[in-house]
Amino acid sequence: DAVAQGNWSHQSDVSAKKHPLGIGHDDEIGLLTTSFDSMVDELQGLYGDLESKVVARTRDLSTAAEVAQTVSSSLDLDEVPERVLSTLDSLIPYERGLVLLQRNGVLKPLAHYGFPETGRVRQLEIPIGKDGVFEKIVKTRRPLILNDVSEEIGWQQLPWLPEWFL
């Protein structure tokens with residue numbers, strides 16, 4: 001009954017009870033009890049894993065909803081990418097980011113976050129090279145999250161971006 005009501009910590013304790021007929025830990029009843037306890041442990045793990053997945057999925061949906069609300073709150077196409085980046089930072093902390101627009105094999109920033117010298121960032125023209133970070137973005141047409149961009153193949157440090165800024 002305890003397990004059926006969600007008490008996953010309940011364990012059967014055959015060895016603590018001495019049965020007058022000698023039913024105990026080493027016979028079929030004991031083995032059945034051990035198997036039952038193992039199943040309860042496994043169910044507890046699966047239930048906990050499911051709960052964490054639900055929490056993560058709910059967080060992802062909440063983030064998507066906030067970004068969608070941010071995007072739909074303005075008709076100014078110059079303002080929307082900046083708003084998306086600032087909304088993302090409040091939901092998923094990050095150091096810096098770019099929203100890029102592809103034209104004629106070159107990527108140009110529409111919005112940026114966390115970069116020094118704002119004017120220089122806006123003037124960037126990033127060629128799409130073979131097997132590099134920006135080619136991945138163009139091919140997949142999806143955002144790319146990097147833990148350390150300097151470890152990416154073909155990455156080149158901008159000369160005006162300080163080394164400490166990596």
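By convention here, the first residue in the shown sequence is residue 1.
Taken to the nearest 0.5 Å, the CG atom of L46 stands 9.0 Å off from the NZ atom of K53. If you take CD on E125 and CZ on R103, they are separated by 11.0 Å, rounding to the nearest 0.5 Å.
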Inset, instruction - Show the numbers, then the answer: is there a side chain to side chain contact (heavy atoms under 4.5 Å, CB included) between V138 and Q102? - result: CA-CA 8 Å; V138 171; Q102 177 190 358; 3.5 Å; yes
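In this structure, L101 is a member of the same hydrophobic cluster as Y113, with clusters built from ILVMFWY side-chain heavy atoms closer than 4.5 Å.
Side-chain atoms of K108 and L100, non-hydrogen and from C-beta on, never get closer than 4.5 Å to each other. Within the 4.5 Å cutoff, the side chain of L107 has no heavy atoms near those of the L98 side chain. Considering only heavy atoms from C-beta on, D148 comes within 4.5 Å of E151 through its side chain. Side-chain contact check for I128 versus V106: every heavy-atom pair is 4.5 Å or farther apart.
For R83 against S86, the heavy-atom pair with the smallest separation is O-OG, 3.0 Å. Of all heavy-atom pairs spanning L85 and G97, the tightest one is CD1-O, 4.0 Å.
The local environment of CD in E79 is crowded, with over 12 non-hydrogen atoms from other residues, nucleotides or ligands closer than 6.0 Å. The environment of CD in E51 is crowded: more than 12 heavy-atom neighbours from other residues, nucleotides or ligands sit within 6.0 Å. More than 12 heavy atoms of other residues, nucleotides or ligands shown are found within 6.0 angstrom of CG on D49.
Proximity of a side-chain donor or acceptor of T140 to a complementary backbone N or O of K136 within less than 3.5 Å is detected. Judged by distance alone, the side chain of R122 and the main-chain N or O of L110 form a donor-acceptor pair under 3.5 Å.
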